[in-house]
Trainee: 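One structure is given below, represented as structure tokens, and several questions about it will come after.
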Amino acid sequence: MSLLETINTDNLPKHLAIIMDGNGRWAKKRGMMRALGHENGSKAVRIAVETSARLGIENLTLYAFSTENWNRPKIEVETLMKLLINSLRSEFKTLHENNIRLNTIGNFEMLPDTVKKELSEAINKTKDNTRMTLTIALSYGSREEIIYAIKNISSKVKNNIISIDAIDESIINQHLYTQNLPDVDLLIRTSGEHRISNFLLWQIAYAELYFTDVLWPDFTEQHLYEAIISYQKRERRFGKTSEQIK
């Protein structure tokens with residue numbers, strides 16, 4: 001029996017998030033420039049998107065570029081931005097034909113104008129698609145997102161738009177970049193690192209975490225199947241006891 005055949009399609013994560021790590025190390029191991037690692041990583045992105053949509057996962061969020069990544073060498077940042085533009089242009093038709101809606105979260109204003117233009121056009125053209133929502137976290141940092149939400153809510157309290165007593169999880173969710181997305185069910189990180197790296201800190205409160213040593217450019221549909229099978233073997237109690245769940 002293949003791995004795919006062992007997956008229970010009635011117990012898929014509604015929201016899958018992936019920290020795509022290891023492009024640079026993949027290239028270094030082969031004596032290549034880091035840029036080539038990112039280029040090969042884009043192939044793994046295509047595999048993850050197509051496999052998730054085919055399985056029936058409703059929401060896929062990919063950590064593409066963090067707020068901290070702006071501190072990387074200028075040449076690498078420029079390469080990443082060019083690669084993003086090229087990927088948007090080359091993959092747009094496939095996304096649209098497969099009924100996938102493109103979304104983005106992060107500090108949009110920090111992105112180059114060319115990237116903002118390509119993103120805006122792709123997001124607008126796919127806004128009515130319903131099969132899966134693909135969210136790209138770009139110039140994203142969870143702490144910055146939470147600070148933004150606190151400032152926004154505080155301003156509304158100050159102007160009597162929201163009562164301080166009305167602030168709860170729902171209110172906070174409404175002011176996050178991910179306001180239209182459910183909480184993360186499964187978070188995958190590649191490359192052998194065991195940390196969250198400022199990614200969706202609020203949204204992964206009860207997510208199942210899956211770490212793999214596979215470098216991102218080597219991540220295949222079989223690796224994704226393995227992560228989902230691991231997820232399906234776990235008991236998700238959300239603070240309750242096993243007996244209560246049963």
Side-chain angles (χ1 to χ4, degrees), residues 3 6-21 48 51-53 55-63 66-68 101 103-106 132-137 140-154 156-157 161-214 219 223-246:
L3 283 176
T6 65
I7 291 176
N8 177 5
T9 54
D10 293 326
N11 184 27
L12 292 169
K14 286 185 169 55
H15 188 176
L16 167 64
I18 305 178
I19 300 175
M20 308 178 294
D21 194 22
T51 304
S52 297
L55 284 172
I57 291 172
E58 297 173 10
N59 299 279
L60 173 64
T61 298
L62 303 177
Y63 202 9
S66 73
T67 49
E68 292 80 13
R101 182 174 78 91
N103 181 42
T104 186
I105 56 173
M132 184 177 80
T133 295
L134 170 61
T135 300
I136 308 297
Y140 173 86
S142 189
R143 287 183 173 182
E144 182 179 80
E145 174 187 27
I146 292 169
I147 290 169
Y148 170 82
I150 291 171
K151 287 182 176 179
N152 201 352
I153 293 169
S154 298
K156 290 183 178 180
V157 170
I161 297 171
I162 296 176
S163 163
I164 194 167
D165 294 327
I167 299 174
D168 56 12
E169 287 187 20
S170 176
I171 291 292
I172 294 173
N173 281 330
Q174 290 169 30
H175 291 81
L176 295 173
Y177 297 147
T178 55
Q179 58 188 267
N180 296 317
L181 296 173
D183 283 346
V184 176
D185 294 306
L186 173 61
L187 172 67
I188 298 171
R189 179 167 188 152
T190 59
S191 87
E193 302 292 356
H194 293 76
R195 55 179 177 268
I196 306 303
S197 296
N198 198 18
F199 184 49
L200 300 175
L201 300 178
W202 174 275
Q203 298 87 342
I204 63 168
Y206 275 101
E208 298 298 323
L209 308 182
Y210 182 88
F211 300 102
T212 174
D213 290 335
V214 177
F219 193 80
H223 294 124
L224 182 54
Y225 294 156
E226 289 171 1
I228 292 172
I229 290 167
S230 173
Y231 165 83
Q232 294 184 339
K233 289 178 179 177
R234 304 182 192 185
E235 183 180 67
R236 305 190 72 205
R237 296 192 298 273
F238 299 96
K240 297 180 180 180
T241 65
S242 296
E243 290 72 23
Q244 285 176 302
I245 296 296
K246 292 174 182 176

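We number each residue from 1, following the sequence as shown. From a predicted model like this one, the values you see are computed outputs, not experimental measurements.
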Trainee: For the pair Leu200 and Leu187, evaluate side-chain contact (heavy atoms from CB on, under 4.5 Å) and give the outcome as yes or no after the intermediate values.
Mentor: CA-CA 10 Å; Leu200 300 175; Leu187 172 67; 5.8 Å; no

Trainee: One pair to check against side-chain contact (heavy atoms from CB on, under 4.5 Å): Asn59 and Leu134. What are the steps and the verdict?
Mentor: CA-CA 6 Å; Asn59 299 279; Leu134 170 61; over 6 Å; no

Trainee: Would you give the length of the straight line joining atom OG of Ser191 to atom CZ of Phe219, rounded to the nearest 0.5 angstrom?
Mentor: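 If we round to the nearest 0.5 Å, Ser191:OG and Phe219:CZ are 11.5 Å apart.
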
Trainee: Does any part of the side chain of Leu181, heavy atoms only, come nearer than 4.5 Å to the side chain of His15, both counted from C-beta?
Mentor: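 Heavy-atom side-chain distance check passes, below 4.5 Å.
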
Trainee: Should Thr133 and Leu60 count as side-chain neighbours, where that means a heavy-atom distance under 4.5 Å?
Mentor: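 Side chain of Thr133 against side chain of Leu60, heavy atoms only: no contact under 4.5 Å found.
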
Trainee: Output all residues satisfying side-chain hydrogen bond (donor to acceptor under 3.5 Å, both in side chains) with Thr135, sequence neighbours left out; order by chain, then residue number.
Mentor: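 With neighbours one apart ignored, the set is Asn103.
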
Trainee: How about Ile146 and Ile150: do any of their side-chain heavy atoms sit closer than 4.5 Å?
Mentor: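 A side-chain contact exists here, since the closest heavy-atom pair is under 4.5 Å.
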
Trainee: Return the set of residues passing side-chain hydrogen bond (donor to acceptor under 3.5 Å, both in side chains) with Thr6 (not counting sequence neighbours), or none when no residue passes.
Mentor: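 Scan of Thr6 (side-chain hydrogen bond (donor to acceptor under 3.5 Å, both in side chains), adjacent residues dropped) gives none.
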
Trainee: Among residues two or more places apart or on two chains, list those pairs meeting salt bridge (Lys or Arg N to Asp or Glu O under 4.0 Å) that have a residue in residues 193-205.
Mentor: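 The answer is Arg25-Glu193, Glu193-Arg195.
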
Trainee: In Å and rounded to the nearest 0.5 Å, what is the CD to CD1 distance from Glu208 to Ile188?
Mentor: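 It is 12.0 Å, given to the nearest 0.5 Å.
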
Trainee: Do Gln232 and Ile7 pass the side-chain contact (heavy atoms from CB on, under 4.5 Å) test, and can you show the C-alpha distance, the side-chain angles, and the key distance before you say yes or no?
Mentor: CA-CA 8 Å; Gln232 294 184 339; Ile7 291 176; 3.8 Å; yes

Trainee: Minimum heavy-atom separation for Gly192 and Asp213, please, with both atom names.
Mentor: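 In terms of heavy atoms, the two residues are closest at CA-OD1, 3.3 Å.
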
Trainee: Any non-hydrogen side-chain atom of Arg189 less than 4.5 Å from a side-chain atom of Asp21?
Mentor: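 In short, these two side chains touch, coming nearer than 4.5 Å.
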
Trainee: Taking C-beta and beyond as the side chain, do Leu224 and Ser52 meet within less than 4.5 Å on heavy atoms?
Mentor: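 Leu224 reaches Ser52 side chain to side chain.
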
Trainee: Output all residues satisfying side-chain hydrogen bond (donor to acceptor under 3.5 Å, both in side chains) with Ser154, sequence neighbours left out; order by chain, then residue number.
Mentor: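 Here no residue qualifies.
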
Trainee: Within this structure, what is the OH-CG distance for the pair Tyr231 and Leu209, rounded to the nearest 0.5 Å?
Mentor: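 Tyr231 atom OH to Leu209 atom CG measures 12.0 Å (nearest 0.5 Å).
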
Trainee: Return the CD1 to OG distance between Ile147 and Ser142, rounded to the nearest 0.5 Å.
Mentor: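 Rounded to the nearest 0.5 Å, the CD1-OG separation comes to 10.0 Å.
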
Trainee: Using the rule given for side-chain contact (heavy atoms from CB on, under 4.5 Å), can you reason through Thr67 versus Tyr140, listing the C-alpha separation, both sets of side-chain angles and the distance that settles it, and then say yes or no?
Mentor: CA-CA 5 Å; Thr67 49; Tyr140 173 86; 5.6 Å; no

Trainee: Restricting to side-chain contact (heavy atoms from CB on, under 4.5 Å), what partner residues turn up for Ser230, sequence neighbours left out?
Mentor: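 Only Tyr210, Arg234 meet the side-chain contact (heavy atoms from CB on, under 4.5 Å) criterion with Ser230.
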
Trainee: With sequence neighbours excluded, tell me which residues meet ring pair (Phe, Tyr, Trp, His ring centres under 6.0 Å) with Phe211.
Mentor: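 Scan of Phe211 (ring pair (Phe, Tyr, Trp, His ring centres under 6.0 Å), adjacent residues dropped) gives His194.
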
Trainee: For Ile161, does the CD1 atom sit with more than 12 other heavy atoms under 6.0 Å from it, leaving out its own atoms?
Mentor: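 Yes, CD1 of Ile161 has more than 12 neighbouring heavy atoms, counting only those of other groups under 6.0 Å.
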
Trainee: Just grab all the salt bridge (Lys or Arg N to Asp or Glu O under 4.0 Å) pairs involving residues 142-151, residues at least two apart or on different chains.
Mentor: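 Listed once each, the pairs would be none.
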
Trainee: Is there a donor-acceptor pair closer than 3.5 Å between any side-chain N or O of Asn173 and the backbone N or O of Gln179?
Mentor: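 Side chain of Asn173 to backbone of Gln179: no pair is present.
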
Trainee: Sequence neighbours left out, what passes side-chain contact (heavy atoms from CB on, under 4.5 Å) with Glu68? Give chain and number order.
Mentor: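 Applying side-chain contact (heavy atoms from CB on, under 4.5 Å) to Glu68 gives Tyr63, Ser66, Asn198.
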
Trainee: Kindly say whether Met20 contributes a backbone atom to a donor-acceptor pair with the side chain of Thr190 at under 3.5 angstrom?
Mentor: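 It does not hold such a pair.
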
Trainee: I'd like to check Leu12 versus Leu186 (side-chain heavy atoms, cut-off strictly below 4.5 Å). Are they in contact?
Mentor: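 No, too far: nothing below the 4.5 Å cut-off.
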
Trainee: Taking the side chain as C-beta and beyond, is there a heavy-atom pair between Ile136 and Ile105 under 4.5 Å?
Mentor: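 No, side chains not in contact.
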
Trainee: If a pair satisfies salt bridge (Lys or Arg N to Asp or Glu O under 4.0 Å) and one of its residues is in residues 178-188, list it, with sequence neighbours excluded.
Mentor: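 Applying salt bridge (Lys or Arg N to Asp or Glu O under 4.0 Å) to every pair that reaches into residues 178-188, excluding sequence neighbours, yields Asp185-Arg236.
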
Trainee: Could you pull out all residues at least two apart from Thr212 that satisfy side-chain hydrogen bond (donor to acceptor under 3.5 Å, both in side chains)?
Mentor: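 Thr212 satisfies side-chain hydrogen bond (donor to acceptor under 3.5 Å, both in side chains) with no other residue.
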
Trainee: Is Leu16 close to Thr61 at the side-chain level, that is, under 4.5 Å between some pair of heavy atoms?
Mentor: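 No, too far: nothing below the 4.5 Å cut-off.
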
Trainee: Please name all residues satisfying ring pair (Phe, Tyr, Trp, His ring centres under 6.0 Å) with His175, sequence neighbours left out, ordered by chain then number.
Mentor: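 Residues passing ring pair (Phe, Tyr, Trp, His ring centres under 6.0 Å) with His175: none at all.
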
Trainee: Got a sec, which residues hit side-chain contact (heavy atoms from CB on, under 4.5 Å) with Tyr206, two or more places apart in sequence or on another chain?
Mentor: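 Tyr206 satisfies side-chain contact (heavy atoms from CB on, under 4.5 Å) with Phe238 once adjacent residues are dropped.
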
Trainee: Once you round to the nearest 0.5 Å, how far does CG of Leu55 lie from OH of Tyr225?
Mentor: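 That separation rounds to 5.5 Å.
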
Trainee: State the CD1-OG1 distance between Ile57 and Thr51, to the nearest 0.5 angstrom.
Mentor: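 With rounding to 0.5 Å, CD1 (Ile57) is 9.0 Å from OG1 (Thr51).
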
